[in-house]
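All chains are named by letter (A, B, ...) in the order of the sequence lines, taking the proteins before the strands, and each is independently numbered beginning at 1.
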Number of protein chains: 2
Amino acid sequence: MTERTPRKDAVRNRAALLAAADTLFADDGSGEAVTMADVATAAGVGKASLFRAFGDRTGLIRALYEARLEPVRDAVESGPPPLGPGTPAPERVFALLDTLLCFKLDNRHLVLALEDTGSDSPYRAEHYGHWHALLESTLRQIPGLPDPAFTAHALLAATRADLVEHLAGHEGVPRETLRAHLATFTARVLNGPVV
Amino acid sequence: MTERTPRKDAVRNRAALLAAADTLFADDGSGEAVTMADVATAAGVGKASLFRAFGDRTGLIRALYEARLEPVRDAVESGPPPLGPGTPAPERVFALLDTLLCFKLDNRHLVLALEDTGSDSPYRAEHYGHWHALLESTLRQIPGLPDPAFTAHALLAATRADLVEHLAGHEGVPRETLRAHLATFTARVLNGPVV
DNA sequence: TTACGAAGCGGACCCCGGGTCCGTATCGTT
DNA sequence: AACGATACGGACCCGGGGTCCGCTTCGTAA
């Protein structure tokens with residue numbers, strides 16, 4: 001067993017750090033101005049503990065992100081229709097994209113913070129690969145739809161966090177309008193030209 | 001007149017800096033590791049001259065970018081069909097997106113470098129606004145196409161530099177395949193569902 | 001309860017890169 | 001030739017990510 005039981009104080013500190021980071025990122029709006037030292041201080045903990053717990057800045061943000069994403073992931077992998085498996089392909093595509101859009105609307109600060117860690121392209125992150133693979137395989141079940149891999153990328157691109165932030169945050173497009181637009185757009189892609 | 005004639009050496013240095021930066025960014029691949037000091041040194045110039053000439057890192061990259069973009073811009077604003085004005089709307093949409101895709105393929109390093117200055121969302125940059133406005137107004141001329149503003153954003157999102165880089169660079173998708181996929185995708189969006 | 005190794009702590013410290021300051025050199029004009 | 005204005009350059013500053021190491025706390029074993 002390579003498993004080590006972590007000490008109590010370590011667990012407590014980790015929780016405190018996550019909570020503090022969550023608050024700070026949410027307050028700041030996009031987390032660009034939140035510094036690692038800030039997080040440590042807000043949690044009442046030394047910087048080294050922060051880095052020991054999460055490795056680096058990206059690790060911290062990723063941890064927050066995964067925590068928020070987990071329920072969504074569960075709903076997709078084993079939940080009821082229209083999100084879960086066993087849903088007819090087209091409906092599931094709509095549901096997936098809508099869910100993703102809502103998630104990004106609700107967690108703008110986190111997703112933005114994650115993207116501009118700048119460490120690596122968002123396309124290299126494993127969660128992108130996960131979403132893409134799922135969407136692609138779902139698209140593949142729709143007859144007559146060409147280039148499912150590219151189509152999946154293009155549809156996902158329409159829900160990019162900074163685009164969502166720009167539309168919802170900067171241009172003030174209401175949530176429901178955005179969802180409707182995305183659904184309409186998706187419908188055109190799925191139904192495609194008649195020929 | 002607020003116009004000042006710049007001194008000869010200033011002009012020469014500016015040119016040397018641009019050339020050096022261009023080379024360095026191209027060599028590095030995505031320009032993340034290129035430091036301002038590197039650029040200055042490669043140009044045989046002091047750091048201060050670099051910052052005096054371009055303001056800051058973003059200014060330098062933007063200058064390179066604009067230089068490359070200028071011919072494209074001209075072709076769009078006053079060139080012959082299918083890019084220039086006077087082209088039927090649908091063909092022009094294809095031409096615009098294809099041109100943009102090719103531009104990003106040819107200038108990946110620059111566009112990536114520009115995006116990850118991280119200073120501000122790419123959607124705030126005026127060149128994005130320019131492309132979006134043009135695409136939107138062209139889409140608006142196509143009857144039956146809903147939400148032209150959102151559609152323009154979504155189509156442009158499919159040509160995002162990091163996506164292009166991921167597909168062309170990391171996954172090795174050939175240039176022509178990518179262009180074909182984008183064209184097919186665009187066609188489905190434009191032609192839309194029959195109902 | 002004590003004792004003692006190991007796991008964890010924290011803040012001083014390092015490093016690196018963007019951006020600035022100011023004494024000096026060059027330009028170009030009269 | 002001479003003298004302001006303009007530009008030069010490298011030493012310098014600063015802020016933030018990440019690390020080091022002497023000290024503390026935990027948990028276990030006697």
Discussion item. Could you check whether any side-chain N or O of B:Thr177 sits under 3.5 Å from a backbone N or O of B:Val173, counting only pairs where one atom can act as donor and the other as acceptor?
Written reply: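 No, the answer is negative, given that no donor and acceptor are paired below the 3.5 Å cut-off.
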Worksheet entry | Polar side-chain atom of B:Ser49 near backbone of B:Val45 as donor-acceptor pair, under 3.5 Å |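 Checked: no pair found.
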Could you tabulate the donor-acceptor pairs under 3.5 Å formed by side-chain atoms of residues 64-74 of chain A, not counting sequence neighbours?
| residue | atom | partner | partner atom | Å |
| --- | --- | --- | --- | --- |
| A:Arg68 | NH1 | A:Asn107 | OD1 | 2.5 |
| A:Arg68 | NH2 | A:Asp22 | OD1 | 3.0 |
| A:Arg68 | NH2 | A:Asp22 | OD2 | 3.0 |

Discussion item. If I compare all heavy atoms of A:Ala168 with all of A:Leu105, which pair ends up nearest, and what's the gap?
Written reply: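 Closest approach of A:Ala168 to A:Leu105, heavy atoms only: CB-CD2, 3.6 Å.
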Worksheet item: What is the minimum heavy-atom distance between B:Leu145 and B:Leu139, and which atoms define it?
Response: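 It is CD1-CD2, 4.1 Å.
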Fill in: Close residues, residues 8-19 of chain A, relative to DNA chain C [heavy-atom separation under 4.0 Å]
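Going residue by residue through residues 8-19 of chain A, the ones with a heavy atom under 4.0 Å of DNA chain C turn out to be A:Asp9, A:Ala10, A:Asn13.
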Worksheet item: Which ones in residues 47-55 of chain B lie close to DNA chain C, meaning a heavy atom under 4.0 Å from one of its atoms?
Response: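 Correct list: B:Lys47, B:Ala48, B:Phe51.
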Discussion item. Please tell me whether A:His166 and A:Glu171 have a donor and an acceptor in their side chains that are separated by less than 3.5 angstrom.
Written reply: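 A:His166 vs A:Glu171: donor-acceptor pair found between side chains.
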Worksheet item: Would you say C:dC16 has OP1 or OP2 under 4.0 Å from some side-chain N or O of B:Thr35?
Response: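 The answer is no; no side-chain N or O of B:Thr35 sits under 4.0 Å from OP1 or OP2.
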Worksheet item: With side chains defined as the heavy atoms from C-beta onward, is the minimum distance between B:Leu178 and A:Phe150 less than 4.5 Å?
Response: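 Yes, close enough: below the 4.5 Å cut-off.
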Worksheet item: Taking the side chain of A:Val45 as heavy atoms from C-beta outward, which of C:dG10, C:dG19, C:dT26 is closest to it?
Response: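 Among C:dG10, C:dG19, C:dT26, the one nearest the side chain of A:Val45 is C:dG10.
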Discussion item. Expressed as a whole number of angstroms, how long is the span from B:Arg7:CZ to C:dT29:P?
Written reply: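 The distance from CZ of B:Arg7 to P of C:dT29 comes to 11 Å, rounded to the nearest Å.
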Worksheet item: side-chain contact (heavy atoms from CB on, under 4.5 Å) with B:Ala133: which residues, sequence neighbours excluded?
Response: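 side-chain contact (heavy atoms from CB on, under 4.5 Å) list for B:Ala133, sorted by chain: empty.
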Contacts under 3.5 angstrom, residues 122-131 of chain A side chains, donor-acceptor by atom type, not counting sequence neighbours:
| residue | atom | partner | partner atom | Å |
| --- | --- | --- | --- | --- |
| A:Tyr123 | OH | A:Arg160 | NH1 | 2.9 |
| A:Tyr128 | OH | A:His153 | ND1 | 2.7 |
| A:His130 | NE2 | A:Glu77 | OE2 | 3.4 |

Worksheet item: Between which nucleotides of DNA chain D, read 5' to 3', does contact with chain A run, using atoms under 4.0 Å from its heavy atoms?
Response: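 The protein-touched segment is D:dG16 to D:dG27.
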Discussion item. Whether A:Arg175 and A:Asp106 form a salt bridge (side-chain N of Lys/Arg under 4.0 Å from carboxylate O of Asp/Glu) is what I want to check.
Written reply: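 Result for this pair is yes, salt bridge flagged.
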